[in-house]
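Order of the sequence lines sets the chain letters (A, B, ...), proteins ahead of strands, with each chain counted from 1.
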Number of protein chains: 2
Amino acid sequence: MAARMTRQRTAVVEALDELADFRSAQQLHETLRARGESVGLATVYRALQALAEASEVDVLRAEDGESLYRRCARREHHHHLVCRHCGRTVEIDGPTVEAWASKVAAAQGFDDIEHTIELWGTCADCRAASAG
Amino acid sequence: MAARMTRQRTAVVEALDELADFRSAQQLHETLRARGESVGLATVYRALQALAEASEVDVLRAEDGESLYRRCARREHHHHLVCRHCGRTVEIDGPTVEAWASKVAAAQGFDDIEHTIELWGTCADCRAASAG
DNA sequence: AATAAGGTGAGAATCGTTCTCATGACATCG
DNA sequence: CGATGTCATGAGAACGATTCTCACCTTATT
């Protein structure tokens, strides 16, 4: 249990707090650079990793495999509806789905069930932008 | 629309037909090598890519980001319950979940919805094996 | 201040995947 | 049967995200 509060970690957390949407480690690094906070890329990765382990941030994989990070409002288990264009995110929960998932898995004799349930789409703003 | 049927592509398809579980491109390459079919790794990737585009194989991302491929029995939309240890796969469908997903997305004004719903677990055999 | 336990960062190293490009296989045309 | 155009192949280079290395700083703690 490390977790020393350093300038760099503080910067990463603050950046996450200000950005509402899912961002990649590299985007965050770029953001920090742009605002003058000098933080190494490796450090950004390490900070995000630590935060993810502590459940301080949510991680999900973009369709191309890149990991995206976000500081979610709710700490409890939930899922996301993410705009694949701008990263805009809506937190959703689905008790129905949770129940369905564990029932199905148990029926097949599987243990240690985890599920990946994410919704991707185009948000209203991005649709308007591309249609306009 | 290419799709010339070559020795290599045939070999990849046959290997997939014999393997019931999700496999990575590298695993397939290794399998082919082992049985004496000489096929380049790049070719395996290309064949899998073409098959995936033609919806001949299903692709999903392992938890570590690696792509896994499988020739599924049903061509229609469905999901999977996959053993994270041996790749053993059960095809599942969830009309409930489909309905839920599109309802939620529409309620938020999102378009072009796609969803990722996969279940990961430890199958009975792998549990028995690790339990001794 | 001294020190121990971490943290940092530049660049090297990984690893899956894709690209390059010279060569090979095929079907068609003559 | 051989020439031709087209696509496929494969060895290795290139890529891109992520992780590791390691010498050097920071942050608590005494």
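In terms of phosphate contacts, A:T43 brings a side-chain nitrogen or oxygen within less than 4.0 Å of OP1 or OP2 of C:dG9. Between B:S67 and C:dG16 there is no side-chain polar atom (N or O) within less than 4.0 angstrom of OP1 or OP2. In this model, the phosphate group of C:dG6 is not approached by any side-chain N or O of A:R9 to a distance below 4.0 Å at OP1 or OP2. Phosphate contact (OP1/OP2 of D:dC7, side-chain N/O of B:T6, threshold under 4.0 Å): absent. Between A:Q26 and D:dA17 there is a side-chain polar atom (N or O) within less than 4.0 angstrom of OP1 or OP2. A close approach under 4.0 Å does occur between a side-chain nitrogen or oxygen of B:Q8 and OP1 or OP2 of D:dG10.
A:H80 and A:F22 have perpendicular rings, their planes meeting at more than 60° on a 0 to 90° scale where under 30° would count as parallel. Relative orientation of the A:W100 and B:H79 rings is perpendicular, given thresholds of 30° and 60° on the angle between their planes.
Side-chain N/O atoms of A:Q27 and A:Y69 include no donor and acceptor closer than 3.5 Å.
In this structure, A:H29 atom NE2 and D:dG16 atom P are separated by 17 Å, rounded to whole Å. Put simply, CZ on A:R4 is 9 Å from P on C:dT8, counting in whole angstrom units. Across the protein-nucleic acid pair, A:L41 atom CG and D:dT19 atom P stand 10 Å apart, rounded to whole Å. The distance from atom CZ of A:R46 to atom P of D:dA17 is 18 Å, rounded to the nearest whole Å. Between the CG atom of A:L48 and the P atom of C:dG7 there is a distance of 15 Å, given to the nearest Å. As rounded to whole Å, 19 Å separates atom P of D:dA8 from atom CD of B:E37. A straight line from CZ of B:R61 to P of D:dA17 spans 12 Å, rounded to a whole angstrom. Here C:dG16 presents its C1' atom at 15 Å from CD of A:E66, a figure rounded to the nearest Å.
Here B:R35 does not pair with B:E30 in a salt bridge; the nearest charged N to carboxylate O distance is not below 4.0 Å.
Cluster membership check: B:V90 shares its hydrophobic cluster with A:I117, using side-chain heavy-atom separations under 4.5 Å among Ile, Leu, Val, Met, Phe, Trp and Tyr.
Nearest to the side chain of B:Y45, among C:dG16, D:dA17, C:dT8, sits C:dG16. Side-chain atoms of B:V39 lie closest to D:dG10 of the nucleotides D:dG10, D:dT18, C:dA5.
Toward the 5' end of DNA chain C, the nearer of the two residues B:R7 and B:A42, judged by each one's closest nucleotide, is B:A42. Nearer to the 5' terminus of DNA chain C, by closest-nucleotide assignment, is the contact made by A:S38 (compared with the other of A:S38 and B:Q49).
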